[in-house]
Protein chains: 2
Amino acid sequence: MPRPRSLTPAQLASAALHVIDHDGLAGLSMRAVAQQVGMSTMALYRYVDDRDELEQHVIDLVLGAVDTNPPAPDTPWPERIEIMANRVRDIVGAHPGVVPLIIAHRHRSTRLLRWSETVVGILTDAGLNGRDRVIGLRCLLAYIVGAIQLEHLGPLAGPGTQAIADLPPTEFPYMSETAGHARTVNADEEFRGGLANLLRGMTSELP
Amino acid sequence: MPRPRSLTPAQLASAALHVIDHDGLAGLSMRAVAQQVGMSTMALYRYVDDRDELEQHVIDLVLGAVDTNPPAPDTPWPERIEIMANRVRDIVGAHPGVVPLIIAHRHRSTRLLRWSETVVGILTDAGLNGRDRVIGLRCLLAYIVGAIQLEHLGPLAGPGTQAIADLPPTEFPYMSETAGHARTVNADEEFRGGLANLLRGMTSELP
DNA sequence: ACCTGAACACCGTTCAAGT
DNA sequence: ACCTGAACACCGTTCAAGT
């Protein structure tokens with residue numbers, strides 16, 4: 001009589017996410033996850049083919065929490081895009097250690113496809129079509145991916161900014177002045193401000 | 001009588017870059033670099049404290065080739081920003097394997113600081129100041145970082161786009177239609193188009 | 001001082017064996 | 001069928017020894 005499986009893929013992903021949240025992505029290993037679920041290392045290979053598949057389950061778990069329903073259609077379209085962008089940013093912000101995994105596996109996440117479907121719908125409402133709409137979606141993705149990374153790998157308020165403020169003003173006049181203003185901009189304002197630039201530019205005429 | 005050093009840090013970085021270009025970032029190891037320079041693994045530790053420092057030398061080597069001189073001031077400012085952005089994009093594009101390293105070590109590169117100094121100067125010419133200029137620089141960085149990554153970790157013309165085109169049109173009407181247009185946009189047009197959106201939005205009025 | 005090789009504590013993964 | 005433990009081919013890095 002076959003013994004029943006004692007683990008679900010979701011439990012496995014959850015254990016891996018726990019390891020990442022606790023010890024960072026560098027702490028993620030098959031051995032560490034096995035210990036977390038109380039099994040031998042090799043038992044994991046009953047549930048996943050390899051580490052790559054384990055990582056895929058982790059990002060499915062994380063991105064699965066992203067709401068992909070369209071915001072209320074009477075909301076102005078730039079606000080609707082901002083709502084969609086913040087849903088991703090908030091989820092990822094809760095698990096900064098998975099950022100590199102999301103970058104690497106993002107094109108295999110159906111949840112992100114569904115998110116994109118909703119976003120393209122909003123861009124269509126904004127009057128975009130054809131090539132402009134393709135470029136609109138792609139530059140939104142690029143901005144969100146890049147901004148999330150800058151935020152978690154060298155935030156505006158972190159030691160990097162202090163190092164910039166300490167630059168010799170004779171050699172870096174603009175950067176040392178900019179660093180002073182940077183302290184007055186928090187992460188939310190920075191993300192929202194950059195996104196607003198992008199959205200304005202997507203529907204304005206060429207100068 | 002002390003033996004002279006047989007290696008310069010530049011040679012070490014160049015050997016590591018050769019390994020990355022040849023076998024990808026996954027192929028980079030202290031042992032592989034040692035073999036490339038014809039020394040024992042442990043000899044490398046005469047030149048760097050650890051692997052992290054070796055990686056720093058690699059990105060210094062790569063980014064050191066980025067021209068940070070301001071473009072001709074009679075060029076319209078959006079074109080000047082585009083020139084600056086393309087200088088980074090071109091250099092990185094020649095060594096796609098180092099993209100994750102640049103992301104991780106970018107805040108320790110003085111060359112990138114100098115690049116930023118020039119960019120902030122151009123933004124100032126465009127009439128930006130204070131918080132707007134901080135946000136302008138940061139969203140440019142976010143866009144460039146994100147766009148370079150999307151380009152090298154799932155290009156518009158790659159298998160990912162085909163998978164999107166194959167989505168069921170009933171469930172993903174917008175995405176399957178978008179995939180058709182996506183094939184007509186090459187990587188250069190995509191990068192330039194997204195950047196143009198951002199630059200237009202940075203100096204246009206709120207709607 | 002420069003360089004080497006053995007050794008240690010880690011990886012992911014294969015394979016044969018136990019229930 | 002589910003799970004285990006030894007083993008293999010890798011890592012980065014410490015340490016003692018050779019010239």
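Letters A, B, ... mirror the listed sequences (proteins, then strands); counts begin at 1.
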Checklist outcome for this item: To the nearest 0.5 Å, atom OH of Y47(A) lies from atom OG1 of T8(A) at 8.5 Å
Write down the distance between [atom1] ([X]) and [atom2] ([N]), rounded to a whole number of angstrom.
{"X": "L44(B)", "N": "dG12(D)", "atom1": "CG", "atom2": "C1'", "answer": "11 Å"}
{"X": "D50(A)", "N": "dT14(C)", "atom1": "CG", "atom2": "C1'", "answer": "13 Å"}
{"X": "L12(B)", "N": "dC2(C)", "atom1": "CG", "atom2": "C1'", "answer": "15 Å"}
{"X": "D49(B)", "N": "dT13(D)", "atom1": "CG", "atom2": "P", "answer": "10 Å"}
{"X": "Y47(A)", "N": "dC2(D)", "atom1": "OH", "atom2": "P", "answer": "7 Å"}
{"X": "Q35(A)", "N": "dT4(D)", "atom1": "CD", "atom2": "P", "answer": "13 Å"}
{"X": "Q11(B)", "N": "dC2(C)", "atom1": "CD", "atom2": "C1'", "answer": "15 Å"}
{"X": "M30(A)", "N": "dA6(D)", "atom1": "CE", "atom2": "P", "answer": "19 Å"}

Checklist outcome for this item: Which of dT13(C), dT13(D), dT4(C) is nearest the side chain of M39(B)? It is dT4(C)
Checklist entry - Which nucleotide, dA7(C), dT13(C), dC3(D), lies nearest any side-chain atom of R31(B)? => result dA7(C)
Checklist entry - Taking only N and O in the side chain of S29(B), is any of them less than 4.0 Å away from OP1 or OP2 of dC11(D)? => result yes
Item to check | N or O in side chain of Y45(B) less than 4.0 angstrom from dT13(D) OP1/OP2 | outcome: yes
Next on the checklist: Both distances below 3.5 Å, Watson-Crick or wobble geometry, any strand: find the nucleotide opposite dT19(C).
Outcome noted: dA1(D)
Checklist entry - Should dC11(D) form a Watson-Crick or G-U wobble pair with both distances under 3.5 Å, which nucleotide is its partner? => result none
Checklist entry - Are Q56(A) and D60(A) linked by a side-chain donor-acceptor pair shorter than 3.5 Å? => result yes
For [X], answer base if it contacts any base atom (sugar-phosphate contacts may also be present), sugar-phosphate if it contacts only those atoms, and nothing otherwise; contact means non-hydrogen atoms under 4.0 Å.
{"X": "M42(B)", "value": "base"}
{"X": "T41(A)", "value": "base"}
{"X": "R51(B)", "value": "sugar-phosphate"}

Item to check | From V119(B), L128(B), D132(B), residue fulfilling side chain to side chain contact (heavy atoms under 4.5 Å, CB included) relative to L137(B) | outcome: V119(B)
Checklist entry - Is there side-chain contact between T124(B) and E177(A), with heavy atoms separated by less than 4.5 Å? => result no
Checklist entry - Within a strict 4.5 Å, meaning less than it, do heavy atoms of the E171(B) and R114(A) side chains meet? => result yes
